[in-house]
There are 2 protein chains.
Amino acid sequence: MSQRHITFPQRECADCPIRHRAVCARCETDELEQLEAIKYYRNYEAGQTIIWAGDKMDFVASVVHGVAALTQTMEDGRRQMVGLLLPSDFLGRPNRDRAAYDVTATTDLQLCCFRRLPFQQMLSSTPHVSQRLLEMTLDELDAAREWMLLLGRKTAREKIASFLSIIARRDAAQHTPRPGGAVAFDLPLTREAMADYLGLTLETVSRQMSALKNDGVIKLDGKRHIIVPDFAALMDETGDDADGGVY
Amino acid sequence: MSQRHITFPQRECADCPIRHRAVCARCETDELEQLEAIKYYRNYEAGQTIIWAGDKMDFVASVVHGVAALTQTMEDGRRQMVGLLLPSDFLGRPNRDRAAYDVTATTDLQLCCFRRLPFQQMLSSTPHVSQRLLEMTLDELDAAREWMLLLGRKTAREKIASFLSIIARRDAAQHTPRPGGAVAFDLPLTREAMADYLGLTLETVSRQMSALKNDGVIKLDGKRHIIVPDFAALMDETGDDADGGVY
DNA sequence: GTGCATGCTTGATCCAGATCAAGGTCAAAC
DNA sequence: GTTTGACCTTGATCTGGATCAAGCATGCAC
């Protein structure tokens, strides 16, 4: 079968959930035009709920800046975070008209939204969008599986160290990297939200943060700003093997 | 933009990982021909390792019958299952040439395999395959998120009950449903593998199975055959709300 | 300023599930 | 039919993290 799509090198559509790694020469124009036509922005303050599980959801979106959390809650109030969306992450599921999880902004947040129905139609008519969305979803599934190892088998201390290293790495990916083993970043979550992420109580999170601080693995500047003098020392606390993770 | 693909009603390709929900009139023939040309079968016995994390993986596959498990292992031997593949589930990731997880057959298993490179090429040239694969991956992500709630927040008893209800439901989906609230099925996992699934020890799994048996929620016929006299009673033990789960 | 709320820390105690340790069951091998 | 080994169950004890309970720090409203 002949290749029906001629591809060009990387081309970005700002704020678009789908960063085209390659753009189809045939449908490029239509695709970008369509996305532009159905796109709009929404802003939320830290702590605001974006949508409750079960609510109608007439859009999908991409995080422009800030952080959003997906959480599940049991009847008796036990809560587990099941997704943490940082800039460029995708929110919502095509072909589903109701939210499956509670979504909250854990920092001030801007979303780039697309009305769901036109977005779906574009999905079914243009191949590259669903191919890119597939890659993104597979990455998210890998992250979920790493998270499952954390939840099922790691100690409280390892959970905290793992969480800090995840945030540090994802934060670094947004900024130009700085030299040396030292790293600094802001926590985008309260101690309670960290507990929901890690399957712990907020007291245990607080205690283990103090323990890592006392052991010199991290330094705290205020409650939220973290300094990691030696990133390798933090990684040693995560329980992951040195090269760590997905092949 | 005009719809470039004319679609017909459902059409199945036996053993194909992609159940076409609709088939493109233009590319249908090529697509099926291509899949057929690169497909072959592999069989494994219960307990056999299919591939180790980090190994070269030159195929993707669909489970025909039997059950396979994806597991992660920490250096000190702690293990967590992160995927459980039942018939029709997909194994492997396009565009990745090494396995990210250990894969083992937990029962006798048959895979329908596709050589990875031709499969990838087909992915990039035919839109429906990646659209279908996206749907499947999104379903798997939802399942992973349910699993995260289980690992992070459920009690041992709730974990066991949830696991049994998951297996019962997926088992029922393969067979024609029988009437009444009673359900029976075989466990496709040893107690140890259940422990790896649930983030418990095998002793705790065994104790909680006994407890559910003593409380009349389940009956055991041998170690592996489970009878659930009242499925609603089992669901009550899972900690999930009545209508349970994704919207 | 004072008052109040939100988020965080730390201490004391408790308990679910891990760990350590035996022993039981069953089927296949001899 | 007895030996072997894989798999499972049950008991006794231990412990990491939960729970209960104060207090502290910071920032905002007035």
Side-chain angles (χ1 to χ4, degrees), chain A residues 45-48 69 74 76-80 104-107 150-163 186-215 218-226 237 239, chain B residues 45-48 74 76-80 104-107 150-164 186-215 218-226 237 239:
Chain A
E45 285 174 25
Q48 254 191 297
M74 297 171 69
D76 61 5
R78 280 176 283 173
R79 271 200 300 159
Q80 177 64 50
T104 51
T106 68
T107 65
L150 178 150
L151 289 171
R153 294 304 187 192
K154 289 190 177 179
T155 65
R157 186 181 174 98
E158 288 169 341
K159 285 178 175 183
I160 297 287
S162 299
F163 173 75
D186 282 309
L187 289 177
L189 301 182
T190 64
R191 298 288 187 269
E192 187 177 28
M194 284 176 63
D196 289 342
Y197 184 110
L198 298 170
L200 297 170
T201 60
L202 69 90
E203 292 96 328
T204 297
V205 170
S206 185
R207 274 187 248 276
Q208 296 296 336
M209 290 285 288
S210 298
L212 287 177
K213 186 181 68 177
N214 294 336
D215 295 349
I218 59 173
K219 288 174 184 165
L220 289 181
D221 178 11
K223 309 297 185 189
R224 295 291 198 94
H225 191 74
I226 307 287
E237 300 285 350
Chain B
E45 284 175 26
Q48 254 190 299
M74 297 169 70
D76 61 5
R78 281 176 282 174
R79 269 201 300 161
Q80 177 63 52
T104 50
T106 69
T107 66
L150 177 148
L151 290 171
R153 296 302 189 193
K154 289 190 176 178
T155 65
R157 186 181 175 99
E158 287 169 343
K159 286 178 174 183
I160 298 287
S162 298
F163 173 76
L164 294 176
D186 282 309
L187 288 178
L189 301 183
T190 64
R191 299 289 187 267
E192 186 177 29
M194 284 177 64
D196 289 341
Y197 184 109
L198 298 169
L200 297 170
T201 59
L202 71 90
E203 293 95 328
T204 297
V205 169
S206 184
R207 275 186 247 277
Q208 295 298 334
M209 291 285 289
S210 298
L212 286 176
K213 186 182 68 177
N214 293 337
D215 295 350
I218 60 173
K219 288 175 185 163
L220 289 180
D221 178 12
K223 310 296 184 187
R224 298 290 199 93
H225 190 75
I226 307 288
E237 300 285 350

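In the text below, chain A, chain B and the rest are named by the order of the sequence lines, each starting its count at 1.
Among the heavy atoms of the strands lying under 4.0 Å from B:Ser210 are primed sugar atoms or P, OP1, OP2 only; no base atom is included. Across all strands shown, B:Gly47 has no heavy atoms under 4.0 Å from either base or sugar-phosphate atoms. Contact annotation for A:Arg224: backbone-only contact, meaning every heavy-atom pair under 4.0 Å involves sugar-phosphate atoms and none involves a base. Residue contacts for A:Thr190: at a heavy-atom cut-off of 4.0 Å it reaches the sugar-phosphate backbone alone, with no base atom in range. Among the protein residues, B:Leu200 comes within range of the sugar-phosphate backbone only, with heavy atoms under 4.0 Å from sugar or phosphate atoms but none that close to a base.
Atom CZ of A:Arg207 and atom C1' of C:dC8 are 12 Å apart (whole Å). A:Gln208 has its CD atom 15 Å from the C1' atom of C:dC8, to the nearest Å. For the pair A:Leu151 CG and D:dG17 C1', the interatomic distance rounds to 15 Å; values are reported in whole Å. Separating the CZ atom of A:Arg191 from the P atom of D:dT26 is a distance of 13 Å, rounded to the nearest angstrom. Rounded to an integer number of Å, the gap from A:Leu202 CG to D:dA22 C1' is 14 Å. Here the C1' atom of nucleotide D:dA18 and the CD atom of A:Glu192 are 15 Å apart, to the nearest Å. Residue A:Glu203 contributes atom CD, which lies 10 Å from atom C1' of C:dC8 at whole-angstrom precision. Taking atom CG of residue B:Leu198 and atom P of nucleotide C:dA18, one finds them 10 Å apart after rounding to whole Å.
Both A:Arg153 and A:Asn214 lie near DNA chain C, and the one whose nearest nucleotide falls closer to the 5' end is A:Asn214. The residue among A:Val205 and B:Ser206 whose nearest nucleotide of DNA chain D lies closer to the 5′ end is B:Ser206.
Applying the 3.5 Å distance criterion, the base of D:dG17 shares no donor-acceptor pair with the side chain of A:Arg157. Under 3.5 Å, the side chain of A:Arg78 and the base of D:dT19 form no donor-acceptor pair of N or O atoms.
Atom CG of residue A:Leu151 and atom CG of residue A:Leu198 lie 7.5 Å apart, to the nearest 0.5 angstrom. Separation of atoms CG (B:Leu200) and CD (B:Glu192) is listed at 13.0 Å; rounding is to 0.5 Å.
Looking at heavy atoms from C-beta onward, B:Ile226 lies out of side-chain contact with B:Asp186 at the 4.5 angstrom threshold.
Between the side chain of A:Arg78 and the backbone N or O of B:Arg153 there is at least one donor-acceptor pair closer than 3.5 Å. Although no hydrogens or angles enter the test, the distance criterion places a donor-acceptor pair under 3.5 Å between the side chain of B:Gln80 and the main chain of B:Asp196. A distance-only check finds a donor-acceptor pair linking the side chain of A:Thr106 to the backbone of A:Pro188 [under 3.5 Å].
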Could you pull out every donor-acceptor pair under 3.5 Å between side chains of residues 205-212 of chain A and any protein atom, sequence neighbours left out?
| from | atom 1 | to | atom 2 | distance (Å) |
| --- | --- | --- | --- | --- |
| A:Ser210 | OG | A:Ser206 | O | 3.1 |

Please enumerate all protein N or O atoms sitting under 3.5 Å from an N or O of nucleotides 24-27 of chain C, with distances to 0.1 Å.
none

